[in-house]
Engineer: 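Sharing a structure, written as structure tokens. Questions coming.
Keep in mind that the numbers below use all heavy atoms, side chains included, and drop hydrogens, waters and symmetry copies. Proteins get letters first, then strands, A, B, ... in listed order; numbering begins at 1 in each.
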Amino acid sequence: MQTSKPIPNDFIRQIIAEDLKTKIYQVVTRFPPEPNGYLHIGHAKSICLNFDVAAENGGRCYLRFDDTNPSKENLEYVESIKADLAWLGYTWTELRHSSDYFEQLYGYAIELIKLGKAYVCSLTGEEIKQYRGTLKEPGQNSPYRERSIEENLALFAQMKAGEFADGEYVLRAKIDMNSPNINLRDPIIYRIKHLPHQMTGDKWCVYPMYDFTHCLSDAIEGITHSLCTLEFADHRPLYDWFLDTLATPCHPQQIEFARLSLNYAVMSKRKLQELVESKLVSGWNDPRMPTLTGMRRRGYTPESIRDFCEKIGLTKNNTNIEIGVLENSIRSDLDPKTARVMAVLNPLRVVIENYPTESEQLEAPYHPNDPSMGSRPVTFAKVIYIEQEDFLEEPPKKFFRLAPGREVRLRYAYFITCQSVIKDTNGEIVELRCTYDPATKGGSAPDGRKVKGTIHWVSEAHAITAEIRLYDRLFNQSNPGVSGTDFKTALNPNSIEILPNSKVEASLANAQIDERYQFERQGYFCVDNIDSSAEKLVFNRIVTLRDSWAKIDKANK
RNA sequence: UGGGGGAUCGUUUAGUGGUAGGACUAUGGACUCUGACUCCAUCAACCCAGGUUCGAAUCCUGGUCCCCCAGCCA
């Protein structure tokens, strides 16, 4: 029986469904990033929304690079955005750029001038700011506001022709300097930038501003629902003003929703860039970063990210999603489909004194609940490694693992009993001497006796040394940088721990880049896509397993 | 009274005048060759004050608190 996932029914989908009742059209959406940085999990929310809404309604969704500011944008970002989108599993109906419309946009600007609704302003940046007024005080009209249409046309043509320096003139919409909405106080719609553009080269030296470009690009593309985040709600009157004033093919509807915020993380492009530039992380693709490229490297699956975006919901509420929701998404995606193997992160040598031979081969299934995933051989041996934390000389209550005189099960192998502990001159435990029960081969005792603990292990002689990188949240504070503090002071100094000498089972010898495994009792791990090689395997911990022992242990203390 | 947006379990979300429901977390239990997974159970919420109504999370009035806006950024 197939249970098809229910389609979410958030306020935006309700609006669209309502629209569809009265109007007949194909739903068209767009994801419009500015190529000035890498995509992060917050963008994923918008991506999923736009592409899914279109797909649910048999519509189209464009990828549109909002590339109107050549001083911030470049091809590196363009390529990374395309790659991230493809990785997430989305295919855009068409690739567009705001810059594709520069010619049309220029035409619309001239239209506006002819309508007497735009003028060229000679005020300096500082003056424009002063004339704009403040949040509580109205602005004043620019002295250049009443220039004639002919003069404006001529000046704008000269702007375009490159006859002026950057900042000398701007084109402004003539709306209302007294508007309580600052966006309507004669907003600048074109500025001069003598800068080459990655798409149009040297063709233009005037570039349109966001407010002018976005609504018109939406209209040109026939976008039906222009979905954006809450901070643009104040811009909607301006969005509508351009479309009402100009003769456009259609009038898309802008709808705003709350952007994602995740606790113990930062999401703003500025802050992420600061982390990269100050080398507090290794790059945009550092596995601790909330960027899609970082999360991909860490080992997150596209499915888990899409599932997460669905789980967090879609409203206009200011929210702070718990990082646990993300962890839940990745665990539940990985659990059914990830092979189990054994890896010892912090090895402790164990000699099985009564084991008669050097080694033998055992068979271990890849998944306890899914036999179709098959099995692999693992080599058991006289000398093995177990996890340091699986042995305690003085075990507290409810500690089920190894301790002097105690018996535990080695997963898929035998029961062993700890006979003695060997320490170095500093008193550090360096080795355990154990005995095994040959009758318990395979992991169960014929006499029916039970052991509470089962621990993982690898053979000393057969294990492969690997580097394992353990990641924790990047910040110690739930909301880094809140109340004016420098967000960098909230960095978690233990957000990465590198274990250069971990031991993984031999079957991992051919582990390929990006492959994911569950290291039993430890967590989910992914072969690093940058640093891992056949000579030196490097694994990233994606997420730990749920650990109820850690809770008991904590409660004990 | 500058404008705009928002307040429901710890977190998130449903609800559109008629039993406040789900998910995550937490807690307890069952199962277990992963202290995993799975399953069961439990705890737990309508910002406040009035009003309308047989009945209000929902409608009205008045408050309170939070977020966003003064780039030639998007």
Side-chain angles (χ1 to χ4, degrees), chain A residues 8-10 14 32-34 36-37 66-69 71-73 98 121 123-125 128-130 132-139 166-172 179-185 187-193 207 209-211 213-214 228-237 256 258 263 269 311-322 324-329 331-332 335-336 340 342 364-365 367-369 398-401 408-413 415 440 442-444 450-456 518-523 544-553:
Chain A
N9 189 33
D10 49 72
Q14 287 174 22
E34 182 187 18
N36 69 342
D66 210 351
D67 54 353
T68 58
N69 185 358
S71 58
K72 292 189 170 183
E73 300 151 7
S98 297
C121 185
L123 254 23
T124 65
I128 286 179
K129 187 174 175 176
Q130 273 158 15
R132 186 151 40 219
T134 69
L135 293 179
K136 297 191 177 180
E137 295 155 16
D166 290 9
E168 239 179 301
Y169 292 94
V170 290
L171 183 68
R172 296 229 246 167
S179 173
N181 182 341
I182 288 189
N183 294 301
L184 262 21
R185 314 235 265 235
I188 294 169
I189 58 179
Y190 265 90
R191 76 289 216 194
I192 301 170
K193 274 181 193 276
Y207 292 97
M209 298 283 287
Y210 164 83
D211 284 305
T213 307
H214 207 89
C228 63
T229 44
L230 241 29
E231 67 270 24
F232 291 103
D234 281 346
H235 295 241
R236 184 164 14 98
E256 309 88 16
N263 66 13
K269 210 167 276 184
K311 274 181 178 154
I312 58 177
L314 189 76
T315 64
K316 299 175 90 142
N317 302 344
N318 308 314
T319 60
N320 201 9
I321 307 288
E322 289 176 344
V325 180
L326 223 203
E327 294 181 344
N328 180 264
S329 288
R331 284 197 192 104
S332 53
D335 176 64
R340 272 65 169 164
M342 292 197 283
H367 198 294
N369 307 328
K398 294 199 179 164
F399 184 82
F400 301 151
R401 286 110 99 144
V408 297
R409 171 167 39 234
L410 294 176
R411 183 133 178 133
Y412 302 125
F415 290 8
T440 56
S444 52
K450 302 280 185 201
V451 288
K452 279 196 208 133
T454 300
I455 64 176
H456 59 280
Q518 185 196 98
F519 291 172
E520 294 220 29
R521 305 207 305 132
Q522 291 290 358
T544 62
L545 255 29
R546 271 236 201 71
D547 188 354
S548 49
W549 163 245
K551 285 174 196 164
I552 297 168
D553 194 33

Engineer: Taking CZ from A:Arg172 and C1' from B:A70, how many angstroms apart are they, rounded to a whole number?
Structural biologist: 13 Å
Engineer: Any base atoms under 4.0 Å from A:Ile455, or only sugar-phosphate, or nothing? Heavy atoms, all strands.
Structural biologist: nothing
Engineer: Of all the nucleotides listed (B:G5, B:C72, B:G15), which has the minimum atom distance to the side chain of A:Arg132?
Structural biologist: B:C72
Engineer: Mind checking A:Thr229 for me? I need base, sugar-phosphate or nothing, with any heavy atom below 4.0 Å counting as a touch.
Structural biologist: nothing
Engineer: Give a yes/no on whether any side-chain N or O of A:Ser548 is located under 4.0 angstrom from OP1 or OP2 of B:A36.
Structural biologist: yes
Engineer: Measure from the side chain of A:Ile182, starting at C-beta and using heavy atoms only, and say which of B:A70, B:C67, B:A36 lies closest.
Structural biologist: B:A70
Engineer: With both distances under 3.5 angstrom, what nucleotide forms a Watson-Crick or G-U wobble pair with B:A7?
Structural biologist: B:U64
Engineer: Would one find a side-chain N or O of A:Arg331 under 4.0 angstrom from OP1 or OP2 of B:A36?
Structural biologist: no
Engineer: Compare the minimum distances between each of B:C73, B:U34, B:G35 and the side chain of A:Lys72, then state the nucleotide with the smallest one.
Structural biologist: B:C73
Engineer: If only side-chain N and O atoms of A:Arg411 are considered, is one of them under 4.0 Å from the OP1 or OP2 phosphate oxygen of B:U32?
Structural biologist: no
Engineer: Are the side chain of A:His214 and the backbone of A:Met209 linked by a donor-acceptor contact shorter than 3.5 Å?
Structural biologist: no
Engineer: Among the candidates B:C73, B:G6, B:A70, find the nucleotide nearest to the side-chain atoms of A:Asn317.
Structural biologist: B:G6
Engineer: Kindly say whether, by distance alone, the side chain of A:Glu322 makes a donor-acceptor pair under 3.5 Å with the base of B:U12?
Structural biologist: no
Engineer: Under 4.0 Å between a side-chain N/O of A:Lys193 and OP1 or OP2 of B:C73, yes or no?
Structural biologist: yes
Engineer: Could you identify the nucleotide paired to B:G28, looking across every strand shown and requiring Watson-Crick or G-U wobble geometry with both distances under 3.5 Å?
Structural biologist: B:C40
Engineer: Where is the tightest heavy-atom contact between A:Leu123 and A:Arg172, given as atom of each residue plus distance?
Structural biologist: CD2-NH2, 4.0 Å
Engineer: At under 4.0 Å, does any side-chain N or O of A:Lys316 touch on OP1 or OP2 of B:C67?
Structural biologist: no
Engineer: Confirm from the modelled atom types if A:Arg236 and B:G4 form a donor-acceptor pair under 3.5 Å, side chain to base only.
Structural biologist: no
Engineer: Find which nucleotide of RNA chain B each of A:Asp547 and A:Ser332 is nearest to by heavy atoms, and output the residue with the more 5' nucleotide.
Structural biologist: A:Asp547
Engineer: Any strand is fair game: report the nucleotide pairing with B:C46 by Watson-Crick or G-U wobble, both distances under 3.5 Å, or none.
Structural biologist: none
Engineer: So, does A:Arg191 get its side chain near the phosphate of B:C73, meaning an N or O under 4.0 Å from OP1 or OP2?
Structural biologist: yes
Engineer: Return the nearest nucleotide to the side chain of A:Leu545; candidates are B:A36, B:U13, B:C24.
Structural biologist: B:A36
Engineer: Nearest to the side chain of A:Asp66, heavy atoms from C-beta on, is which of B:A74, B:G3, B:G6?
Structural biologist: B:A74
Engineer: Using the side-chain heavy atoms of A:Arg340, tell me which of these nucleotides is nearest: B:A70, B:G15, B:A36.
Structural biologist: B:A36
Engineer: Please determine whether side-chain contact (heavy atoms from CB on, under 4.5 Å) holds for the pair A:Asn69 and A:Arg191, giving the CA-CA distance in whole Å, both sets of side-chain angles, and the decisive distance to 0.1 Å.
Structural biologist: CA-CA 10 Å; A:Asn69 185 358; A:Arg191 76 289 216 194; 3.6 Å; yes
Engineer: Would one find a side-chain N or O of A:Arg521 under 4.0 angstrom from OP1 or OP2 of B:G35?
Structural biologist: yes
Engineer: Under 3.5 Å, is there an N or O donor on one side and an acceptor on the other linking the side chain of A:Asp234 and the base of B:G3?
Structural biologist: yes
Engineer: Between A:Asn183 (side chain only) and A:Asp234 (backbone N and O only), is there a donor and an acceptor less than 3.5 Å apart?
Structural biologist: yes
Engineer: Does B:G15 have OP1 or OP2 under 4.0 Å away from a side-chain N or O of A:Gln14?
Structural biologist: yes
Engineer: Under 4.0 Å: is that the gap between some side-chain N or O of A:Thr454 and OP1 or OP2 of B:G35?
Structural biologist: no
Engineer: Under 4.0 Å between a side-chain N/O of A:Arg546 and OP1 or OP2 of B:U34, yes or no?
Structural biologist: no
Engineer: Side chain of A:Arg401, heavy atoms from C-beta onward: which of B:G35, B:C37, B:G4 has the nearest atom to it?
Structural biologist: B:G35
Engineer: Return the polar atom pairs (N/O with N/O) between nucleotides 42-44 of chain B and the protein under 3.5 Å, or none.
Structural biologist:
none

